[in-house]
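Everything on this sheet refers to the single structure shown next.
Sequence lines set the chain letters: A, B, ... in the order given, protein chains first and strands last, and positions in each chain run from 1.
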2 protein chains.
Amino acid sequence: MTAPNRPPAKEPRRSRPVRVADAIKDWVVERNMAPGDRLPGEAELMARFGMAKGTIREAMRILEAQGLIETRTGPGGGSFVGEVTADRAKALLANYFYFKDISISDIYQLRRALEPELAASLAGRLTEAQLAELEQVVAKYPEPARSAEEERDQHVASLEFHRTLANFSDNALLAFVVSFMGRILTDLTVYRRLYDPPNRELYEKGLAYQTELIAALRHGRADDARRIMRSHMETAEALMQRQEAQVLRRFIAE
Amino acid sequence: MTAPNRPPAKEPRRSRPVRVADAIKDWVVERNMAPGDRLPGEAELMARFGMAKGTIREAMRILEAQGLIETRTGPGGGSFVGEVTADRAKALLANYFYFKDISISDIYQLRRALEPELAASLAGRLTEAQLAELEQVVAKYPEPARSAEEERDQHVASLEFHRTLANFSDNALLAFVVSFMGRILTDLTVYRRLYDPPNRELYEKGLAYQTELIAALRHGRADDARRIMRSHMETAEALMQRQEAQVLRRFIAE
DNA sequence: TAAGATTTGTTCGTATGTATC
DNA sequence: GGATACATACGAACAAATCTT
């Protein structure tokens with residue numbers, strides 16, 4: 001009882017470039033190709049699929065847009081299997097949430113759940129070089145902010161602390177999600193002008209938490225790391241909510 | 001001190017279709033366009049950008065591949081702003097993890113952290129219709145599996161339970177991440193043939209947990225829901241790890 | 001049902017740009 | 001600098017899909 005000859009089905013009939021793109025993708029997967037491996041040139045693809053140059057090129061662009069291939073001109077040029085970068089993956093995913101409107105609480109519901117576990121799982125497993133890198137990020141904001149711009153820069157830097165930490169995890173899934181949320185928060189900060197009024201409280205608490213956290217990570221105190229991060233998340237969320245309310249109030253008042 | 005005239009920079013010089021795609025994207029964002037809104041036709045774009053048809057079409061394919069636009073032929077046809085679907089977003093994201101190899105523990109590190117919170121946050125907030133939908137999913141596997149195939153189908157159905165639950169959340173971020181992990185597990189199940197040996201233990205425990213969970217959700221017992229889900233996650237992970245070890249052993253033995 | 005209008009889809013031939021040797 | 005090997009881009013023509021009358 002295999003698939004019976006299905007009628008025209010409901011499929012909206014994909015265009016040739018899309019079908020070619022799929023075929024090439026399957027071809028790469030079947031042959032277990034790795035990033036950097038070379039794909040057939042345009043001429044050969046035209047012959048293999050019996051299609052014109054334009055059609056093939058559209059197919060290549062589809063694959064390129066997804067980060068699956070890279071293309072270079074010149075001798076020795078051509079198309080090559082590409083590894084999707086984290087940045088590109090985040091950008092593509094951000095498109096999905098563009099029309100969804102995400103709230104601060106939505107983001108923190110995830111951060112509250114994930115970041116403490118991340119911190120705990122890294123305790124005692126970071127090299128001295130990695131710990132130094134974290135300390136360096138913290139050192140980027142040794143003074144409380146005096147202007148809205150400085151405040152914003154500090155917030156972005158503080159988010160960088162979390163992203164740096166996330167990337168130390170050998171769990172690519174966890175690292176990506178945490179890092180992605182950092183990116184959304186950064187966008188919100190820059191784009192929606194949160195943090196307009198300098199907020200000394202967040203600065204001081206953030207600094208203290210991150211310093212404590214590094215110590216706990218260095219000495220392998222997993223439970224402490226989790227507790228510190230959890231507490232940090234709760235504080236940060238509360239402060240951001242207040243900021244957001246202020247911004248909104250001001251926005252309405254204008 | 002605005003951006004100084006930067007030298008050629010390092011950018012690898014993007015091709016025309018890519019630049020056109022970016023321009024169109026910016027244009028859509030600036031004008032705050034919504035899904036379904038119409039974009040200029042090929043002819044007009046050719047004129048506006050002063051480029052040939054092929055170039056414009058490649059740009060459109062780039063946008064289409066990201067789910068940002070949809071295109072139809074015929075009168076009244078053309079390109080329209082599209083809303084990226086959850087499925088497409090998952091597929092694009094899956095490409096990123098293709099070369100990353102994710103382990104069962106990686107996935108469960110996230111599930112353990114997220115699903116209990118998800119369950120707790122939904123307790124007492126589901127309609128009777130939604131609860132019925134969950135019960136319907138559970139009813140899909142009223143009997144223990146007798147063959148490897150049945151087992152696999154049951155596992156897929158059980159993952160569907162979690163995805164259904166996730167989609168009831170009004171936190172789009174949380175819903176997406178949980179649902180995405182369900183998808184990865186499904187792929188692993190089907191593709192790597194985990195669960196080959198029917199596993200009565202997982203069946204019985206899974207069924208019991210899900211039934212208890214629905215009751216807790218219905219009566220608004222958030223803490224119970226969290227506890228049940230956490231416990232379920234731990235059991236499921238342990239069983240999957242064992243299964244994976246068995247599959248691997250068998251694979252090596254062959 | 002059929003014809004016509006509109007818009008994207010596809011092809012082909014040719015010319016240009018770019019990196020390597 | 002010139003030859004070579006590739007992708008990049010153009011333009012004109014024709015095909016196919018789909019809506020309207």
Return no unless some side-chain N or O of Arg57(B) is found under 4.0 Å from OP1 or OP2 of dG9(C).
-> yes
When we call it a touch if two heavy atoms are under 4.0 Å apart, what does Gly54(B) touch: a base, just sugar-phosphate, or nothing?
-> nothing
Would you verify whether the NZ or CZ of Arg88(A) falls within 45 degrees of the ring axis of Tyr96(B) while also being under 6.0 Å from that six-membered ring's centre?
-> no
Separation of dG17(C) C1' from Glu42(A) CD (nearest whole Å) | 13 Å
Of the nucleotides dC10(D), dT11(C), dA17(D), which has the atom closest to the Met51(A) side chain?
-> dT11(C)
Quickly work out the Leu45(B) CG to dG9(C) C1' distance and round it to whole Å.
-> 16 Å
Classify the side chain of Lys53(B) and the base of dG9(C) as holding, or not holding, a donor-acceptor pair under 3.5 Å.
-> yes
Gly76(A) or Gly50(A), whichever maps to the more 5' nucleotide of DNA chain C | Gly50(A)
Below 4.5 Å, heavy atoms only, C-beta onward: do Arg19(A) and Asp22(A) meet side chain to side chain?
-> no
Using only side-chain N and O atoms of Arg16(A), determine if any of them is under 4.0 Å from OP1 or OP2 of dA16(D).
-> no
Counting side-chain heavy atoms from CB outward, which of dC10(D), dT10(C), dT7(C) is closest to Ala52(B)?
-> dC10(D)
Begin from the C-alpha positions of Glu58(B) and Lys53(B) and carry the test salt bridge (charged side-chain N to carboxylate O under 4.0 Å, His left out) through to its verdict.
-> CA-CA 9 Å; Glu58(B) 286 180 37; Lys53(B) 185 167 185 162; over 6 Å; no
Mind calculating the distance between CZ (Arg61(A)) and C1' (dT10(C)) to the nearest angstrom?
-> 17 Å
Whole angstrom is fine here: how far is it from CD in Glu58(A) over to P in dT8(D)?
-> 13 Å
Selected nucleotide, minimal atom distance to Ser15(B) side chain, candidates dA9(D), dT8(C), dA19(C) = dA9(D)
Rounded interatomic separation in angstrom, taking CZ from Arg72(B) and P from dC19(D) = 8 Å
Below 4.5 Å, heavy atoms only, C-beta onward: do Leu134(B) and Phe168(B) meet side chain to side chain?
-> yes
OP1 or OP2 of dT8(D) sitting under 4.0 Å from any side-chain N/O of Thr55(B)?
-> no
Return the value, rounded to whole Å, for the distance between atom CD1 of Ile56(A) and atom C1' of dA7(D).
-> 14 Å
Identify the heavy atoms of Leu93(B) and Ala89(A) that sit nearest to each other, and give their distance.
-> CD1-CB, 4.3 Å
Specify the separation, in whole Å, of atom CD of Glu44(A) and atom C1' of dA5(D).
-> 15 Å
Atom-to-atom span, CZ of Arg14(B) to C1' of dA7(D) - whole angstrom | 18 Å
Quick one: on DNA chain C, does Gly74(A) or Thr71(B) contact a more 5' nucleotide (nearest heavy atom)?
-> Thr71(B)
